[in-house]
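A quick write-up on the structure given underneath.
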Amino acid sequence: MRLSRFFLPTLKETPTEAQIVSHRLMLRAGMIRQHAAGIYNWLPLGTRVLQNIIQIVREEQNAAGAQEIIMPTIQSGDLWKESGRYDDYGPEMLRIKDRHERDMLYGPTHEEVVTDIFRNNIKSYRDLPKNLYQINWKFRDEVRPRFGLMRGREFLMKDAYSFDINYERSKHAYNQMFVAYLRTFARLGLKAIPMKADSGPIGGDLSHEFIVLADTGESAVFCHKALLEKPAPSNVDYEADLQPIIDDWTSLYAATDDKHDPAMATTLGGDLVSARGIEVGHIFHFGKKYSEPMKANVIGPDGSPVTVMMGSYGIGVSRLVAAIIEASHDEHGIVWPESVAPFDIGLINLKVGDPDCDAACKKIHDALCLMHKDVLYDDRDDRAGVKFADMDLIGLPWQIVVGPKGVAKGVVELKRRATGQKEELSFDAAVAKLTVM
RNA sequence: CGGAGCGUAGCUCAGCCUGGUAGAGCGCCAGCUUUGGGAGCUGGAUGUCGGAGGUUCGAAUCCUCUCGCUCCGACCA
């Protein structure tokens with residue numbers, strides 16, 4: 001992609017409304033623009049990151065046995081009256097009347113809809129278990145949206161819903177999502193720690209929050225040091241008993257400040273880590289809370305109806321974009337983990353119009369594209385400083401700097417964004433180095 | 001929902017107190033010069049001063065209402 005044609009409105013100055021670093025950087029890097037309070041447009045750079053995250057979330061959900069569906073954003077109020085939440089939910093739920101004066105709403109969550117899908121289509125215990133998920137926009141009319149995407153009103157969320165015949169099977173579904181989450185966040189380049197959580201208004205008796213550690217996180221968290229070093233499970237057999245993995249992770253102390261037990265924590269001594277965190281995932285087992293009032297039954301082995309056990313599993317996908325930036329940035333801008341970076345490589349032509357520089361860039365660009373690398377080629381007729389600053393700001397993992405001095409010697413400069421480390425390499429060596437990654 | 005603040009050029013902001021027909025820096029356009037970390041010079045374009053009403057000979061400025069946005073608190077994926 002040629003930067004001269006790419007829609008990338010970067011800002012040198014920070015817009016006043018942005019308070020936290022992820023919000024500032026997303027605006028400055030031309031990823032998003034605000035449309036209204038807590039509602040954002042996603043520009044091309046932001047869209048690319050969001051889609052990379054979506055893809056990783058999707059792959060891990062599929063691997064864990066969940067199946068993707070798409071539910072409506074606008075829902076009928078009737079289902080919510082049935083579950084009892086139409087009155088419970090409060091003004092946070094955006095209510096809409098259609099032209100026939102029917103009560104509609106913009107979905108803040110989808111338990112009712114998915115339960116309706118289930119009960120209308122699944123009749124036998126033999127069809128269980130099922131885990132259905134979607135990646136879709138939701139709206140919660142927060143009293144006070146803030147922190148950019150971190151606390152927006154409209155947000156992209158992955159929400160999965162499991163259906164099982166009994167508690168034991170349901171717990172297994174919960175464990176599957178637990179493990180899938182560990183893997184998902186690790187792939188996103190994040191340290192996310194599962195912490196015991198209140199199940200809140202959604203209800204239920206088993207619940208964990210996944211907290212990303214970032215210095216600028218909104219809440220204080222405490223955990224055992226060993227959790228930070230623990231690698232995500234690999235080669236997982238999702239059909240096997242996952243309880244040992246869960247126990248391994250949950251046996252170590254981890255709590256958000258509202259659940260924090262100072263007495264318990266002091267027993268850890270020097271192993272206690274006190275940090276700040278951002279909630280990016282939340283999993284609940286809530287049993288029959290919705291299946292009971294909404295009559296989501298299947299016929300059991302003995303021929304009598306059984307109310308199914310459910311769980312729900314959320315990941316704040318759009319919030320993750322902000323969380324990753326909070327966890328990975330420096331004074332110059334964003335530092336993307338390779339797995340979510342909007343492009344793999346930024347190619348800077350320091351002297352556009354110089355035949356040698358142009359030719360060298362074209363050669364490198366074509367070679368990398370041939371190897372299926374996403375390259376953002378800065379072919380703008382601008383000063384070097386502007387290009388360096390923009391490239392650091394948008395945080396691509398690698399930069400190749402092509403300038404007249406280097407080209408005369410047959411070399412380019414390869415820079416690692418995360419470390420700032422630079423090395424001079426021949427054209428071929430630079431391409432070779434980047435294509436083995 | 002309580003408390004506070006801000007709306008003036010694409011962005012950051014000055015002007016408002018003390019009314020007199022709208023500014024700076026950056027960005028944008030053209031040209032020249034420059035060229036390895038957000039350049040220099042010259043010229044140029046851009047505003048219903050958030051909106052409505054009122055006071056006044058005259059309102060960005062004073063008054064009233066209204067809309068939007070932000071911050072602190074309570075609440076929250």
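Lettering follows sequence order; numbering is per chain, from 1.
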Requested in this report: Can you tell me the distance, in whole Å, between the NZ atom of A:Lys12 and the C1' atom of B:G37?
Outcome: 12 Å
Query - Inter-nucleotide C1' distance (B:G10, B:C29), Å rounded - result: 14 Å
**Report entry** Pair partner, B:C28 [Watson-Crick or wobble, under 3.5 Å]
**Finding:** B:G44
Query raised in the report: Does the gap between the ring centers of A:Phe118 and A:Tyr290 come in under 6.0 Å?
Result: no
Report task. Kindly say whether, by distance alone, the side chain of A:Glu13 makes a donor-acceptor pair under 3.5 Å with the base of B:G25? Result -> yes
Query raised in the report: When the aromatic ring centroids of A:Phe388 and A:His332 are compared, is their separation below 6.0 Å?
Result: no
**Report entry** Pairwise P distance, B:C1 and B:U48 [rounded to whole Å]
**Finding:** 31 Å
**Report entry** Spacing of the P atoms in B:A60 and B:G20 (rounded, Å)
**Finding:** 9 Å
Query raised in the report: Nearest to the side chain of A:Gln19 - B:G37, B:C71, B:G38?
Result: B:C71
Requested in this report: Return the nearest nucleotide to the side chain of A:Val401; candidates are B:C69, B:G36, B:G38.
Outcome: B:G36
Query raised in the report: What does A:Gly152 touch in the nucleic acid at a heavy-atom separation under 4.0 angstrom: a base, only the sugar-phosphate, or nothing?
Result: base
Query raised in the report: Using centres under 5.5 Å plus planes under 30 degrees as the test, is A:Phe155 stacked with B:A77?
Result: yes
Requested in this report: Looking only at non-hydrogen atoms, find the nearest pair between A:Phe7 and A:Pro44 and report the distance.
Outcome: CD2-CD, 3.5 Å
Report summary line: To the nearest angstrom, the CD1-C1' distance between A:Ile400 and B:G36 comes to 16 Å
**Report entry** Nearest heavy-atom neighbours spanning A:Leu396 and A:Pro342
**Finding:** CD2-CG, 3.7 Å
Requested in this report: Can you check whether any acceptor in the base of B:U34 is under 3.5 Å from a donor in the side chain of A:Arg383, or vice versa?
Outcome: yes
Report task. May I ask you to verify whether the side chain of A:Arg140 and the base of B:C76 hold a donor-acceptor pair under 3.5 Å? Result -> no
**Report entry** Integer-rounded Å distance: B:G36 C1' and A:Glu424 CD
**Finding:** 11 Å
**Report entry** Any N/O donor-acceptor pair, A:Glu413 side-chain to B:G36 base, under 3.5 Å
**Finding:** yes
Query raised in the report: Does B:U70 have OP1 or OP2 sitting under 4.0 Å from an N or O in the side chain of A:Gln34?
Result: yes
Query raised in the report: In terms of the nearest nucleotide of RNA chain B, which residue is placed more toward the 5' end: A:Thr14 or A:Glu142?
Result: A:Thr14
Report summary line: When rounded to whole Å, the CZ to C1' distance for the pair A:Arg153 and B:A77 reads 16 Å
Report task. Would you indicate, yes or no, if B:C13 has its OP1 or OP2 atom less than 4.0 angstrom from a side-chain nitrogen or oxygen of A:Thr16? Result -> yes
Requested in this report: May I have the distance from A:Met195 (atom CE) to B:A77 (atom P), rounded to whole angstrom?
Outcome: 16 Å
Report task. Report yes if a side-chain nitrogen or oxygen of A:Arg144 is closer than 4.0 Å to either non-bridging phosphate oxygen (OP1 or OP2) of B:U70; otherwise report no. Result -> no
Query raised in the report: Atom CD1 of A:Ile53 to atom C1' of B:A77: distance rounded to whole Å?
Result: 15 Å
Query raised in the report: Within this structure, what is the CE-to-P distance between A:Met93 and B:C76, rounded to whole angstrom?
Result: 17 Å
Requested in this report: May I ask you to verify if any side-chain N or O of A:Arg146 is less than 4.0 angstrom from the OP1 or OP2 atom of B:C72?
Outcome: yes
Report task. Kindly say whether the aromatic ring centers of A:Phe284 and A:Tyr174 come within a distance under 6.0 Å. Result -> no
Report task. Could you tell me whether the side chain of A:Asp392 has a donor or acceptor atom within less than 3.5 Å of a complementary atom in the base of B:G37? Result -> yes
Query raised in the report: With both distances under 3.5 angstrom, what nucleotide forms a Watson-Crick or G-U wobble pair with B:A77?
Result: none
Query raised in the report: Closer to the 5' end of RNA chain B via nearest nucleotide, is it A:Asp390 or A:Val143?
Result: A:Val143
Requested in this report: Please confirm whether the backbone N or O of A:Trp398 pairs with a side-chain atom of A:Arg416, one donor and one acceptor, at under 3.5 Å?
Outcome: no
**Report entry** Pair assignment for B:C71, Watson-Crick or G-U wobble, requiring both distances under 3.5 Å
**Finding:** B:G3
Query raised in the report: Do A:Lys362 and A:Asp379 meet the salt-bridge criterion of a basic N to acidic O distance under 4.0 Å?
Result: no
Query raised in the report: Reckon A:Gly385 touches a base, only the sugar-phosphate, or nothing at all at heavy-atom distances under 4.0 Å?
Result: sugar-phosphate
Query raised in the report: Can you tell me how far C1' of B:G36 sits from CZ of A:Arg380, to the nearest Å?
Result: 16 Å
Query raised in the report: Per the atom types in the model, does the base of B:G27 pair as donor or acceptor with the side chain of A:Arg28 at under 3.5 Å?
Result: no
Query raised in the report: With rounding to whole Å, what would you report as the distance between B:C62 and B:C17 at their C1' atoms?
Result: 11 Å
Query raised in the report: If every non-hydrogen atom of A:Tyr238 is compared with every non-hydrogen atom of A:Ala180, which pair is closest and at what distance?
Result: OH-CA, 3.4 Å
Query raised in the report: Considering only the P atoms, how many Å lie between B:U18 and B:A22, rounded to the nearest integer?
Result: 22 Å
Report task. Could you work out which one of B:C76, B:C11, B:U70 sits closest to the side chain of A:Glu17? Result -> B:U70
**Report entry** Proximal nucleotide (of B:A77, B:A74, B:C11) relative to the A:Pro15 side chain
**Finding:** B:C11
